[in-house]
Amino acid sequence: MKYESPTVQRGINMRQGHTQGRINVEKPKDRKKTFARLARYFFGERLGVLLLMALVFVGVLGSVFAPKYQSSAIDCIVAGNFGGVSYFLAVMMGLYIVNGLATMLQGYLGAVLSQRMTGRIRDDLFKKIVLLPISYTDTHSHGDLISRITNDADNISNVISQSLSSMFSGVLMLFGTVAMMMWYNIALALLSCSMVILTLFATTLLTKYMRKYYVRRQELLGALNGTINEMIGNTRTVTAYNRQKTAINDFVKTADDLTKAGIIAETISSSMGPVMNCLSNVSFVLVGVFGAWFALRGYITVGVISAFVVYARQFSRPINELAQIYGQIMTALAGAERIFDVLDEQTENFAGVQIEQKTRGVIEFRHVNFSYVPGVQVIKDFSLRIEAGRKIALVGSTGSGKTTIINLLMRFYDIDSGEILLDGQDIRSIALKSLRSKIGIVLQDTVLFTDTVRANLTYSRNDVTDHELQNVASFTGFDRVVKNLQSGYETVLNSSNITLSQGQRQLLAIGRAFLSRPEILILDEATSSVDTRLEKHIQDTMTELTRHSTSLIIAHRLSTIQDADEIIVMDHGSIIETGNHRTLLELNGRYRELYETQFSGIST
């Protein structure tokens with residue numbers, strides 16, 4: 001996969017050398033291929049589709065044969081045979097009633113099919129997104145992904161519920177009507193059918209540009225959702241830096257582009273109806289004029305003229321309907337293309353060796369090289385061995401590659417070359433689920449879900465007992481937070497995470513990691529948002545809980561890692577110094593420079 005340079009990606013939570021979010025400009029794919037692929041979802045609902053087609057067929061039969069009985073009734077009136085009129089009118093009325101009932105049932109069944117099929121599409125898409133590698137979600141706009149699973153899926157649903165039966169009935173109506181007209185009079189039938197050529201010409205001319213603007217509209221809608229998502233998610237940062245006007249300008253620009261594309265797409269789409277109606281009226285006039293001429297010469301009866309007038313209208317109506325729903329179909333296909341783009345992405349490779357036994361926790365990096373963007377190397381010939389049970393700290397300036405090392409160990413990204421070993425086994429040969437089950441991680445950016453405190457704490461394990469939960473809460477100091485919550489562990493945290501402070505959220509995340517019983521513990525600035533007193537308590541707790549596990553700590557505050565067994569100083573993706581706190585200070589190198597700069601009150 002090709003990644004954009006981090007320096008050119010727009011507006012999104014820049015962190016540790018890569019970004020989260022990018023607006024992709026999709027290109028239209030093969031329309032036939034997309035439709036064929038979408039048809040696979042119809043096959044899953046084939047019984048419902050067959051029933052819908054049967055209802056459409058019944059409804060079309062009613063519409064096709066009703067004018068025949070109307071013609072017979074009129075001929076009876078003209079001939080003065082009023083006795084047969086009531087029979088023909090009764091049959092005609094019955095056919096129209098059958099048509100009405102079939103149409104009502106078509107609407108209900110279309111709604112059921114649309115919801116079931118859209119549900120399956122959304123299920124497939126969500127499952128795919130969940131299994132996509134971190135590298136994909138880091139380089140694609142989250143708002144655009146949301147737009148695909150909501151707006152694009154809704155467009156498909158609308159076509160199925162509103163246009164599917166119209167499409168079936170339109171095609172059947174065309175064939176049925178043509179057959180009846182040919183049966184009555186070939187000359188008038190050919191005259192009516194000749195208007196199809198003009199209709200097809202007009203449709204081709206208008207739809208030449210329609211697809212382009214419908215695809216563009218969906219792309220801009222995804223971009224707009226991305227802009228809104230970023231603004232809402234980062235509202236504090238926007239407000240703090242007085243960037244509201246810039247945010248508004250970005251939104252207005254995208255919204256204006258969306259408006260223009262929407263106006264053009266809808267204008268082209270809505271113009272098809274009037275054009276088709278005009279052609280239909282021309283056909284209606286021609287049938288009336290030539291029909292009267294044929295009737296005066298005795299080629300046809302007056303009743304046939306009345307039937308042809310109805311058939312001419314019925315013949316043009318499905319063409320008009322198909323032309324009008326063409327825009328909806330194009331929107332649905334554009335949305336389906338975008339959905340299939342995501343479904344075609346490669347998921348993480350979960351295959352590999354399962355590690356059942358407890359690991360010793362020996363980690364080794366051998367000549368590791370890695371780059372987020374091809375040609376821009378982030379980790380350069382990185383080699384490090386971490387013995388079991390050791391506490392190792394990674395320090396260095398922002399962008400030195402510390403968090404990237406964690407990403408590679410967790411296999412959020414795969415290395416370009418070299419090896420990463422766990423107990424002597426290349427982690428690329430280990431099943432991802434098995435590898436990550438051995439590791440507990442606490443990130444600087446805490447993620448909480450809209451659920452209870454208990455559910456958030458036990459997110460790492462499903463079998464946590466109340467005793468374990470309370471012990472960990474006591475160790476981390478989170479029990480004091482719980483006591484102040486109205487419903488304790490059953491308090492529901494909202495999606496914006498305003499129930500807890502940043503420091504309290506980090507305490508919860510630390511507790512969640514400890515509950516996973518990790519054999520390897522990773523702490524990425526895990527105490528950056530807590531006060532000094534609480535930080536000391538957490539450090540003491542971590543010392544006790546990590547006594548028999550391998551620990552990897554990333555910290556900017558050097559006071560938090562002075563007791564580490566070994567401190568690794570990184571710069572531009574390479575190791576430049578190693579040793580404990582005292583040894584590194586005596587070296588008078590980069591670590592001492594960072595230490596003195598920090599404790600002199602200057603931020604690093």
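A quick note: this is a predicted structure, and the numbers were derived from the prediction, not measured.
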Residues forming a ring pair (Phe, Tyr, Trp, His ring centres under 6.0 Å) with Y459, sequence neighbours excluded: F449
F382: partners by ring pair (Phe, Tyr, Trp, His ring centres under 6.0 Å), with sequence neighbours left out: F365
side-chain hydrogen bond (donor to acceptor under 3.5 Å, both in side chains) partners for N225, two or more places apart: S147
Residue pairs involving residues 122-132 (criterion salt bridge (Lys or Arg N to Asp or Glu O under 4.0 Å); sequence neighbours excluded): R122-D154
Partner residues of D414 under the salt bridge (Lys or Arg N to Asp or Glu O under 4.0 Å) criterion, sequence neighbours left out: R411
Those residues that, when tested against S460, pass side-chain contact (heavy atoms from CB on, under 4.5 Å) (two or more places apart): R512, L515, S516
Which residues share a side-chain hydrogen bond (donor to acceptor under 3.5 Å, both in side chains) with N484, sequence neighbours left out: none
Contacts of F350 that satisfy side-chain contact (heavy atoms from CB on, under 4.5 Å) - sequence neighbours left out: L131, E348, L432
Contacts of D257 that satisfy salt bridge (Lys or Arg N to Asp or Glu O under 4.0 Å) - sequence neighbours left out: K253
Residues forming a salt bridge (Lys or Arg N to Asp or Glu O under 4.0 Å) with R461, sequence neighbours excluded: D463, E468
For L258, side-chain contact (heavy atoms from CB on, under 4.5 Å) partners two or more places apart: R217, L220, L221, L224
T246: partners by side-chain contact (heavy atoms from CB on, under 4.5 Å), with sequence neighbours left out: R243, D250
